[in-house]
Amino acid sequence: QVQLVESGGGLVQPGGSLRLSCAASGSDFIFYDMGWYRQAPGKQRELVAAIPVSGSPNYADSVKGRFTISRDNAKDTVYLQMNSLKPEDTAVYYCRTGARSIRSTLVLQYWGQGTQVTVSS
């Protein structure tokens with residue numbers, strides 16, 4: 001089975017920085033696109049940033065110029081560097097990946113458990 005283990009969340013003051021990590025694991029699985037989503041209280045889950053195996057990432061307009069997504073394909077790990085954080089960035093951040101077993105052609109979506117990011121003075 002696929003597991004996504006997130007780390008790096010926490011409490012930070014406005015203007016500060018945090019770096020989230022998400023390590024994917026699973027015997028005999030191939031990982032495709034990876035991304036970060038967030039969900040604030042009372043709001044729908046939204047895409048923050050996503051990155052393919054190779055190629056350009058895409059970002060939500062609200063985080064462009066402040067957040068940077070990257071990945072290490074050798075480690076099946078995706079990162080989200082968050083700078084110039086604002087109170088409105090407060091949310092639970094979820095990692096997601098598309099993956100398939102080497103014995104299947106079906107690509108399924110997998111989600112991490114979420115990590116809390118709180119931006120407050």
Side-chain angles (χ1 to χ4, degrees):
Q1 263 296 357
V2 172
Q3 277 194 317
L4 298 175
V5 179
E6 299 144 337
S7 60
L11 173 64
V12 64
Q13 291 187 341
S17 298
L18 282 175
R19 188 190 193 213
L20 305 182
S21 300
C22 173
S25 63
S27 298
D28 300 329
F29 274 83
I30 299 171
F31 299 99
Y32 293 96
D33 66 306
M34 302 185 82
W36 290 95
Y37 290 71
R38 67 186 180 187
Q39 188 166 19
K43 294 189 177 181
Q44 289 189 331
R45 190 173 297 188
E46 63 175 1
L47 172 69
V48 176
I51 185 168
V53 174
S54 60
S56 300
N58 64 286
Y59 298 91
D61 288 343
S62 59
V63 306
K64 283 181 181 176
R66 300 188 297 123
F67 291 10
T68 302
I69 189 171
S70 60
R71 65 186 291 168
D72 183 335
N73 290 332
K75 297 180 179 179
D76 293 322
T77 298
V78 63
Y79 306 96
L80 185 68
Q81 178 66 43
M82 304 185 293
N83 299 328
S84 302
L85 282 161
K86 304 175 181 180
E88 51 263 43
D89 294 318
T90 296
V92 178
Y93 284 69
Y94 296 92
C95 174
R96 180 202 60 79
T97 186
R100 70 170 177 87
S101 166
I102 60 173
R103 291 175 288 277
S104 171
T105 59
L106 184 62
V107 179
L108 299 177
Q109 303 302 310
Y110 296 88
W111 292 85
Q113 78 285 359
T115 185
Q116 178 70 44
V117 171
T118 302
V119 184
S120 175
S121 54

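If you're wondering where the values come from, they're calculated on a predicted model, not measured in any experiment. Residue indices begin at 1 and follow the sequence shown.
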Please name the pair of heavy atoms, one in [X] and one in [Y], separated by the smallest distance, quoted to 0.1 Å.
X    : Y   : result
S121 : P14 : N-CD, 3.7 Å
A40  : T90 : CB-O, 3.7 Å
S17  : N83 : OG-OD1, 2.9 Å
F29  : A99 : CD2-CB, 4.2 Å

Take M34 and T77, measure what side chain to side chain contact (heavy atoms under 4.5 Å, CB included) needs, and give me the verdict at the end.
-> CA-CA 9 Å; M34 302 185 82; T77 298; over 6 Å; no
Evaluate the side-chain proximity of [Y] to [X]: yes if any heavy-atom separation is below 4.5 Å, no if none is.
X    : Y   : value
K75  : S21 : no
R38  : V63 : yes
Q116 : L11 : no
V119 : L18 : no
F31  : N73 : no
F67  : D89 : yes
T68  : Y59 : yes

Same cluster or not: [X] versus [Y], using hydrophobic residues (I, L, V, M, F, W, Y) connected whenever any side-chain heavy atoms lie under 4.5 Å apart?
X    : Y    : value
V12  : Y93  : yes
W36  : M82  : yes
L47  : L80  : no
I102 : V107 : yes
V48  : I51  : yes

How long is the span from the CG atom in D28 to the OG atom in S104, to the nearest 0.5 Å?
-> 12.5 Å
Value for CG (L4) from OG (S25), rounded to nearest 0.5 Å, stands at 7.5 Å
Could you label the plane-to-plane angle of the Y94 and W111 rings as parallel, tilted or perpendicular, counting under 30° as parallel and over 60° as perpendicular?
-> perpendicular
Do the side chain of E6 and the main chain of G114 share a donor and acceptor less than 3.5 angstrom apart?
-> yes
Answer yes or no: are there more than 12 heavy-atom neighbours, outside Q44 itself, under 6.0 Å from its atom CD?
-> no
D61/K64 salt bridge by N-O under 4.0 Å criterion = yes
Take R45 and V92 through the test side chain to side chain contact (heavy atoms under 4.5 Å, CB included) and record every step on the way to the result.
-> CA-CA 9 Å; R45 190 173 297 188; V92 178; over 6 Å; no
CA sep, side-chain torsions, deciding dist, call: V117, L20, side chain to side chain contact (heavy atoms under 4.5 Å, CB included) | CA-CA 9 Å; V117 171; L20 305 182; 4.1 Å; yes
Is NZ or CZ of R100 both nearer than 6.0 Å to the six-membered ring centre of Y32 and within 45° of the ring axis?
-> no
